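What follows is a short report on a single structure.
Ligands are counted one by one from 1 in listed order, and the atoms in each one are counted from 1 as well. Values below: every heavy atom of this structure, side chains too, minus hydrogens, waters and symmetry copies. Just so it is clear, the model here is predicted, and its values are computed rather than measured.
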Amino acid sequence: MSLKHSLQRHQKMTKPESKQPLMDPIKAARSIIEQLDIRSPSEIEVEAIAANRKAYVREDVIFGAEAKLSRVGNKAFITVSSTTTSLGRKRFSIGHELGHFELHKNSPVAYCTAADLDDWHSQKRKETEANQFSAELLMPEPLFRPRCLATPGLALLKSLSDDFKTSMTATAIQYIRFTLEPCALVFCCDGKIRWIKKNRDFTYYLKGLGEPVDGYSYAYDAFAGRLTSCDEGSVPASAWLKNRKFDSDAEIKESTQFIPSCNATLSLLWVNEEI
Ligand SMILES: [Zn+2]
């Protein structure tokens with residue numbers, strides 16, 4: 001049989017990727033945590049976990065990406081950019097690449113940009129899945145959920161981020177999954193809303209993507225240079241919510257952290273009294 005015919009037959013026998021059964025990223029990560037009997041955040045040594053799965057981590061210069069995976073047979077090399085200085089970001093990148101290794105077995109190589117590692121809103125299915133895998137690996141629900149019962153705010157997120165050695169953004173996204181409070185996260189870049197995530201109990205309509213931050217929000221102060229690290233307090237509900245007639249004095253809570261490296265803000269919003 002010619003090579004051409006052999007390839008054609010192989011293509012017919014190989015199911016299109018979209019029709020292959022999908023592995024649940026959260027269950028896949030949870031299974032690893034359970035197999036290794038990990039019982040505390042300090043035991044989540046992500047490089048050792050990756051090595052246990054036969055994915056070996058190294059740092060190097062990568063052009064045009066922040067992390068990559070190179071699969072060799074049933075093993076892989078995970079490369080993290082040597083320009084990544086944040087421990088939380090580095091750990092998340094390793095978890096993300098391990099996610100590609102475990103979930104996307106048909107992909108021999110993955111080059112992942114900063115945008116891929118921040119893709120929490122399903123622009124690319126594989127990237128979102130790798131992020132979900134990484135979040136669950138680094139912040140497993142059985143260990144993370146019980147710590148989400150304290151009062152919302154950046155102080156709590158900071159404490160969780162320190163304990164689990166994860167970035168504030170990844171921590172905040174996992175937090176709103178498990179908190180019992182109605183919470184939303186709004187990420188703004190260059191003064192405009194870039195993405196929004198909210199939990200099921202947050203039933204209010206937020207302003208839309210691309211809209212400018214409201215002048216009565218802490219996020220606005222951050223972009224105006226009046227907030228250097230983080231701040232929190234009550235703001236008018238209309239600063240973030242739309243299409244509702246609120247009482248004139250209706251307020252919601254906002255905690256905002258400024259991220260100078262990308263001229264962005266991460267705001268945690270929650271409602272602690274009826275508006
Ligand atoms: Zn990726």
Side-chain angles (χ1 to χ4, degrees), residues 16-33 44-140 161 164-174 177 185 187 189 194-197 259 261-262 264 266:
E17 185 183 286
S18 60
K19 299 236 176 104
Q20 288 187 335
L22 300 176
M23 195 186 296
D24 183 287
I26 292 174
K27 284 183 182 168
R30 187 83 56 80
S31 165
I32 292 173
I33 293 292
I44 306 172
E45 297 178 32
V46 68
E47 284 192 40
I49 293 172
N52 178 266
R53 307 297 295 179
K54 295 189 167 65
Y56 304 100
V57 178
R58 59 190 179 189
E59 285 189 25
D60 206 346
V61 176
I62 313 175
F63 295 101
E66 195 165 323
K68 73 171 185 176
L69 175 83
S70 309
R71 194 184 291 274
V72 185
N74 64 346
K75 300 177 184 173
F77 290 104
I78 290 172
T79 309
V80 180
S81 171
S82 48
T83 59
T84 302
T85 53
S86 156
L87 175 64
R89 183 69 166 187
K90 201 172 286 187
R91 283 166 57 79
F92 192 82
S93 299
I94 295 168
H96 177 101
E97 298 308 327
L98 186 60
H100 282 312
F101 180 62
E102 297 285 343
L103 303 170
H104 309 132
K105 298 187 187 294
N106 287 345
S107 304
V109 179
Y111 275 86
C112 303
T113 63
D116 295 331
L117 292 159
D118 291 326
D119 185 355
W120 293 97
H121 39 287
S122 303
Q123 286 193 339
K124 297 180 189 171
R125 178 180 61 80
K126 285 184 178 177
E127 300 310 324
T128 301
E129 287 178 350
N131 285 335
Q132 290 171 338
F133 176 95
S134 187
E136 185 61 26
L137 187 77
L138 300 176
M139 297 168 280
S161 161
F164 287 85
K165 300 187 186 73
T166 42
S167 71
M168 280 293 277
T169 304
T171 306
I173 288 170
Q174 194 78 329
R177 284 184 62 212
L185 272 179
F187 186 84
C189 204
R194 174 69 65 86
W195 57 255
I196 293 168
K197 287 190 86 72
I259 308 168
S261 59
C262 52
L266 180 68

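- Side chain of Gln174 to backbone of Met139: a donor-acceptor contact under 3.5 angstrom is found.
- A parallel orientation is assigned to the rings of Trp195 and Phe187, their planes being inclined by less than 30° (bins at 30° and 60°).
- Side-chain contact of Thr83 with Ser81: a donor-acceptor pair under 3.5 Å is present, judged by distance alone.
- In this structure, CD1 on Ile32 lies 5.5 Å from CG on Leu98, to the nearest 0.5 angstrom.
- Distances shorter than 2.8 Å separate the Zn ion (ligand 1) from the protein N/O/S atoms His96 NE2, His100 NE2, Cys112 SG, Glu127 OE1.
- At least one side-chain heavy atom of Glu127 sits less than 4.5 Å from a side-chain heavy atom of His96.
- Side chains of Asp116 and Thr113: a donor on one and an acceptor on the other come within 3.5 Å.
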